[in-house]
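Reviewing the structure listed below.
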Protein chains: 2
Amino acid sequence: MLAKTGGEPALASSIHDLARHLNISIGTVSRALNGRADVNAETRQRVLDAARKLNYSPNQSGRSLRQGATRSIAFMLQPHPGDQQYGEPFFIPFLTGLQARLAESDLDLMVVMGEPGQYQPERLRRVVETRRADAVVLANTRRKDDRIDYLSKAGFPFATLGRSQSGGDTYPSLDIDFERAGDEAVDRLVARGHRRIAAIRPSLDLNFGYLFLDGYRKALKRHGIEVDPGLIADGFINEAGGYEVTPRVMLSKERPTAIIFNNDAMALGGCKALAEMGIRPGHDVAVIVIVDTPLCRYFSPALTAFRPSLEPMGRRLAEMLLASLPAFAGPEGTRIIREVWPLELAARESD
Amino acid sequence: MLAKTGGEPALASSIHDLARHLNISIGTVSRALNGRADVNAETRQRVLDAARKLNYSPNQSGRSLRQGATRSIAFMLQPHPGDQQYGEPFFIPFLTGLQARLAESDLDLMVVMGEPGQYQPERLRRVVETRRADAVVLANTRRKDDRIDYLSKAGFPFATLGRSQSGGDTYPSLDIDFERAGDEAVDRLVARGHRRIAAIRPSLDLNFGYLFLDGYRKALKRHGIEVDPGLIADGFINEAGGYEVTPRVMLSKERPTAIIFNNDAMALGGCKALAEMGIRPGHDVAVIVIVDTPLCRYFSPALTAFRPSLEPMGRRLAEMLLASLPAFAGPEGTRIIREVWPLELAARESD
DNA sequence: CGTTTTTCCGTAAACGTTTACGAGAACACA
DNA sequence: TGTGTTCTCGTAAACGTTTACGGAAAAACG
């Protein structure tokens, strides 16, 4: 058994303490606290005052047990594996928005760490089975995603940042329009005279890698440019991956004049490789990054990138998740919403 | 009230279901599950089998309520404020280690988001008062830290990554030896012939900024170099901060030949500023970064940096926290441990 | 065979809430 | 004054666990 939080009176006060202190029943105290109608105005005020004075706040375990709901939402943070892998700064603003919207509905956000590199539902299973959260938010969705399969089979409510082929259309999802971003990136490069455009994306089954490539291919086709498999490369989704794989496309028989990176970390690694080959991004080869981070802006040369609005997306996904929960759904009942948001181009120096 | 997780039989089974199914009392079921001695071996096996078959796992709310402990530890992730601020990739490997060690003691890690930029204990208060966690881990400790004051006054168990002047010596803490890193950075630069060495650190009250500067000053003094206030600058702890503040030291009356950055994001912004001034890191000015990230390694030129071992630190701080909790303390009772870990130099191209 | 010990299990209380139910008091209305 | 309605509150059960206690049966011992 862990340390009880009792001992210091300031924290230990329960609804019973309030009742005893006021010479009133616990039922009345609870009703007063919860704003029920059947309690005298003066009594309610006395309860509220006493609650403040005794520093009362409800024990969440007791409340959860009684209500069958924890009033907390879990976000699964899934680090990529590998040495010195610092993971996903990407998610901080998203989480900020998510948290903000949940707080408005008096819900807590808890982030659970996934096993680095393991996209299996083990950590998730723990949350679900011990009922630590009422719903889950997933990110880094894969094309075929075990976590989604698990959650839908278990009938546990969830929403995802990113689409997947798993689970059907049974859950809310919000995604960035990677397809359009890939398309527009090609458009932009072609308009600037490029015909040999390389694409570098993560090798994992991450769904956005496929979406990006779809857009890339579609745009090339529209411009009558044949897709050269030698200009498409998959690498591990970090700096090392970009570093390793970029030379491969640059040593293609006909060297590309532009590269689109599907990930900022890969772009950094890729630019490092370019530098070692004596190739200057922005001069000798154009570079566009699909998801912007501060790195892109402060790199030299500053990298042209497509930027999502992560904080609003966090808010929005929370909204969509709540709309899918029976307890929160508005008049029109439980709705499953799926949205795809465009990215905004941040034109800088590298293309 | 939120969606009950009941409905799908696979998830809803309680200890009562097991008891009914086996024609046995719930007390016996609980004892069997918890490995108590006073239960027949055959009975235990039957219970275990049934638990697996009915996919039983204990309801954490019920358990927490009864035991007065949640078996979960909260980590407070405190984002920096500001537009497009992607926060703290730094913490992912640390959290991985923390989580791993906690899991070994069957404890869950939950990350709670702090209000961006607000180092006040509001979000913490919520966790503490509703007893959602049994202890807290803090990072980004400030010199004077309201969160630490709050937790110690409340008598709530916690540990910190990073030291502080608040709260006395009453809590376990693990810190990086920023002082020594600052010292060694100067040492290294002096050995390479530098005498005018700038220091750029975060302007917030973050404690490590002070420790770093202490080491910097001490080393300069040892080498008989007078501290030039014009070579020390504080900026906001992100790329923009480094970008803004670096020109200031470079335009000092006598230009520095080396810069030590106390933060990788600030270093990135700083190098951007240098590039715009036509100053090449590694050629025209030496650059050392105190806390290494993949960015440092893949930047061009690769930035010499001091690297902490974050994952082991996470494990270690979990260990220290557990040792301070009465319920986990070993035979020697409750111990408060404070440790400071050295950094390892990753010598690269920029100095 | 009687007594003591051990083994095993059931009973019930407790953790802190919320809430259905009912009852007493006050009030309105005739 | 009698009856019905409205306010306000207390009672008690329930959520799913764990655990102190006691008792019955079995085993050990003389």
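To find a chain, count down the sequence lines: A is the first, B the second, and so on, and within it residues start at 1. What you are looking at is a predicted structure, and each value in this text was computed from that prediction instead of being measured.
Residue S30(A) places at least one side-chain N or O closer than 4.0 Å to OP1 or OP2 of dT18(C). Within the structure, a side-chain polar atom (N or O) of N34(A) is placed less than 4.0 Å from OP1 or OP2 of dT18(C). OP1 or OP2 of dC8(C) sits under 4.0 Å from a side-chain N or O of N40(B). Between T28(A) and dG10(D) there is a side-chain polar atom (N or O) within less than 4.0 angstrom of OP1 or OP2.
The side chain of I26(B) sits closest to dA12(C) out of dT17(C), dA12(C), dG16(D). Which of dT17(C), dC9(D), dT19(C) sits closest to the side chain of R36(A) comes down to dT19(C). Here the nucleotide nearest the side chain of Y56(B), chosen from dG16(D), dC9(C), dT17(D), is dT17(D). Proximity note for H16(B) (side chain, C-beta onward) versus dG10(C), dT17(D), dC15(C): the nearest is dT17(D). Distance from the side chain of S14(B) is smallest to dT17(D) among dT17(D), dT19(D), dC9(C). Closest to the side chain of R63(A), out of dT18(C), dG10(D), dT18(D), is dT18(C).
In this model, no side-chain donor or acceptor of R66(A) finds a partner on the base of dT17(C) within 3.5 Å.
Here T43(A) lies in heavy-atom contact (under 4.0 Å) with sugar-phosphate atoms only. Across all strands shown, I24(B) has heavy atoms under 4.0 Å from sugar-phosphate atoms exclusively, and none from any base.
A cation-pi arrangement is not found for R147(B) relative to Y119(B), the charged atom failing to lie both closer than 6.0 Å to the ring centre and inside a 45° cone about the ring normal. A cation-pi arrangement, defined by a distance under 6.0 Å to the six-membered ring centre and an angle within 45 degrees of its axis, is absent between R315(B) and F94(B).
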Exercise. Determine, for nucleotides 21-26 of chain D in 5'-to-3' order, which nucleotides have protein heavy atoms under 4.0 Å from the base (write B), from only the sugar-phosphate (write S), or from neither (write -).
Key: ------
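A salt bridge between R123(B) and D108(A) is absent, with no side-chain N of the basic residue lying under 4.0 Å from a carboxylate O of the acidic one. The pair E122(B)-R125(B) meets the salt-bridge criterion, since a charged nitrogen lies less than 4.0 angstrom from a carboxylate oxygen.
Here the two rings, on F156(A) and Y150(A), have centers that are 6.0 Å apart or farther.
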